[in-house]
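In what follows, chains are A, B, ... by sequence order, proteins preceding strands, each numbered from 1. Quick caveat, the model's predicted, so the values are computed rather than measured. Values below: all heavy atoms of this structure, side chains included; hydrogens, waters and symmetry mates excluded.
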Amino acid sequence: MRSVITLICVFVGLATLGPMLAPYDPTQIDIPNRLSAPSAAHWLGTDAIGRDILSRLLHGARWSLGLAFLISVTGLVIGSLVGLLAALGGRATDWAVMRVTDTFLAFPELVASVVIAGLLGASTGSLIFALTVTSWMRYARVARGIGLSLKTRGYVIQARLAGLSPWAIARWHYLPSLLPSLTVVWTGMFARAILGISALGFLGFGVQPPMPEWGTMLLDARIHMRSTPLQMIWPGLAIVICVLAINLSGDALRDALAKQEDRG
Amino acid sequence: MIGILANLLLRAVVVLVGAALVTFVLLWHAPGDPALAIAMARYNAVVPADVIDVVRAEAGLDAGFWPAFKAWITPLLMGDFGRSSVTGRDVWPELLTAISYTVPLALSALLVGVLLSVPLALVATRRPGSWLDRGAVALASIGVAIPAFWLGLLLILLFAVQLGWLPAMGARTHAHIILPALTLGLGVAASLTRILRSGILEAREQPFLPAFRRRGVAGRDIERDHVAPHAAVPFVTVFGLELAFLLEGIVVVEVIFARPGLASFLVSAIGARDFPKVQAVVLVTAGVFVVVNLLIDLFYRLLDPRIGERDA
């Protein structure tokens with residue numbers, strides 16, 4: 001759990017402090033210095049209209065990481081509530097809710113988000129909506145599974161018979177069991193959200209220019225692949241490093257949980 | 001068994017109808033006037049209001065939601081995907097052409113994935129914790145984190161631009177499939193390696209294996225008869241996930257490599273607001289997804305009979 005918390009702190013720090021560290025305005029155009037190689041003035045060089053790539057990368061963290069955080073946490077909240085509704089409602093509710101979940105799972109996430117974002121019109125708002133709508137189902141499945149197994153546990157039944165309010169039961173008996181497993185799912189979904197945002201940006205359905213977003217930066221860099229291939233490396237590298245860090249901390253958390261279960 | 005089968009089939013049907021409904025709701029509530037978009041795409045000019053009204057009536061957009069849904073779903077049940085609202089031609093033949101580009105790409109990517117991951121996982125698990133094992137894990141972890149579109153661009157940069165060995169754009173010759181298949185296949189290989197490795201390691205820890213060993217069963221026989229079937233279960237499950245990964249990867253990879261497949265079909269249909277085409281693509285992908293998951297569910301129960309008992 002500690003590794004995940006550290007990671008969140010680093011990413012939040014990057015998303016808030018990153019723009020302050022940026023040496024230039026990420027949208028400042030400087031045509032005479034366009035497509036320049038890395039130098040002392042521009043550590044990572046400049047793009048097709050002379051904007052500083054390092055500054056754009058640092059500002060891009062706010063979009064890529066910040067939006068991914070927002071989307072994955074929203075999905076977590078919606079999904080857990082849906083999953084608990086299925087677990088704690090009656091059999092009919094469970095069946096209906098899970099079929100709705102299956103229906104949403106039937107669409108490959110990126111195909112669905114391309115359709116949604118494309119039809120709503122390319123903007124940050126429709127990007128958030130498209131990725132959130134397609135991201136809650138896994139949480140729902142996990143939350144339902146845990147909810148079902150907890151419902152029949154002795155201490156939960158006893159708490160209910162003792163007259164504890166549903167909220168108190170949820171807070172003291174469900175949340176502690178749900179949180180670790182859902183955090184593991186969340187790390188996976190956070191990484192997917194980063195990839196999804198950049199993929200949509202790359203396809204032109206995401207964060208709109210001149211805002212610097214890593215996928216959109218790749219789209220811009222692609223045209224100049226022949227003359228300045230390095231320009232294409234940086235945003236991709238940023239994505240890979242972030243996704244890798246999240247995945248590794250998620251794996252560590254999952255292994256730690258598995259060990260805990262073995263002992264308990 | 002028949003009860004389980006009926007239950008699974010019922011689920012698949014409910015999900016498919018739900019998918020059709022979701023698709024229709026989405027298109028129905030999309031902002032902007034679809035009739036205007038269709039008219040502009042068809043006539044390539046500013047169109048007067050009465051022409052737009054004619055287009056609206058033609059596309060069945062002037063009736064209410066449920067009549068329009070019914071008018072759409074009835075022929076669909078007979079396998080008729082309707083006509084393009086832009087060109088007026090049947091959607092199905094065009095869709096089939098697009099699919100004929102996408103399916104070979106998906107299959108060759110899967111092939112690349114399996115051919116790379118199975119040997120890698122087998123070598124890695126021979127001695128867990130060795131530098132070979134660690135290397136395989138590191139490689140797979142990085143492979144999972146690389147977005148398909150970036151990998152595709154890097155491969156183009158290396159093999160098409162710098163070395164000039166392979167063609168990158170279009171689908172004219174058979175060689176055109178190599179780079180996109182490699183792009184997708186490396187991603188598939190990375191995640192398959194991870195799953196396969198942990199599957200094998202987990203299967204080796206089954207409590208009955210030492211019993212076999214003490215009774216003198218040969219190590220190779222144990223691996224083949226007891227470890228392999230256990231490791232196969234997560235492998236099959238992951239195939240469903242791989243399919244999702246492939247369909248998603250194909251969206252960006254087809255766009256990068258300018259292949260005229262399903263994704264390019266979808267992206268251009270969205271641009272033109274060609275609703276019948278968009279609906280057809282979404283439904284076909286959802287249908288493939290549901291059917292494959294149904295098959296996996298069945299296969300899974302065959303491999304591990306305990307699953308059927310648990311949630312029957």
Is [X] close to chain B through its backbone or its side chain, or both, or neither, when contacts mean heavy atoms under 4.5 Å?
X	result
A:Ile233	both
A:Ile241	neither
A:Ser113	neither
A:Leu195	both
A:Ala191	neither
A:Asp102	both

Which value, rounded to the nearest 0.5 Å, describes the distance between B:Arg194 atom CZ and A:Asn247 atom CG?
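The CG atom of A:Asn247 is 6.0 Å from CZ of B:Arg194, to the nearest 0.5 Å.
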
Take A:Leu244 and B:Ser141 through the test side chain to side chain contact (heavy atoms under 4.5 Å, CB included) and record every step on the way to the result.
CA-CA 7 Å; A:Leu244 194 61; B:Ser141 304; 4.0 Å; yes

Quick check: does any side chain N or O of B:Trp150 sit under 3.5 Å from a backbone N or O of A:Pro235, one acting as donor and the other as acceptor?
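Side chain of B:Trp150 to backbone of A:Pro235: no pair is present.
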
Verify, without hydrogens or angle tests, whether A:Arg99 (side chain) and B:Ala12 (backbone) share a donor-acceptor contact under 3.5 angstrom.
no

Is any side-chain heavy atom of [X] closer than 4.5 Å to a side-chain heavy atom of [Y]?
X	Y	answer
B:Leu154	A:Met232	yes
B:Pro147	A:Val240	yes
B:Val15	A:Phe104	no
B:Phe149	A:Ser198	yes

Atom group of [X] that falls short of 4.5 Å from chain A, counting heavy atoms:
X	result
B:Val290	side chain
B:Ile146	both
B:Leu10	side chain
B:Ile256	both

Please walk me through it: do A:Trp95 and B:Val14 pass side chain to side chain contact (heavy atoms under 4.5 Å, CB included)?
CA-CA 11 Å; A:Trp95 199 87; B:Val14 169; 3.8 Å; yes

For each of A:Thr103, A:Leu237, A:Ile116, tally heavy-atom pairs with chain B at distances under 4.5 Å, and name the one with the top tally.
A:Thr103

Worked verdict on B:Thr285 versus A:Phe107 for side chain to side chain contact (heavy atoms under 4.5 Å, CB included)
CA-CA 7 Å; B:Thr285 46; A:Phe107 302 100; 5.5 Å; no

If you compare all heavy atoms of A:Phe202 against all heavy atoms of B:Leu153, which two are closest, and at what distance to 0.1 Å?
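Closest approach of A:Phe202 to B:Leu153: CE1-CD1, 3.9 Å.
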
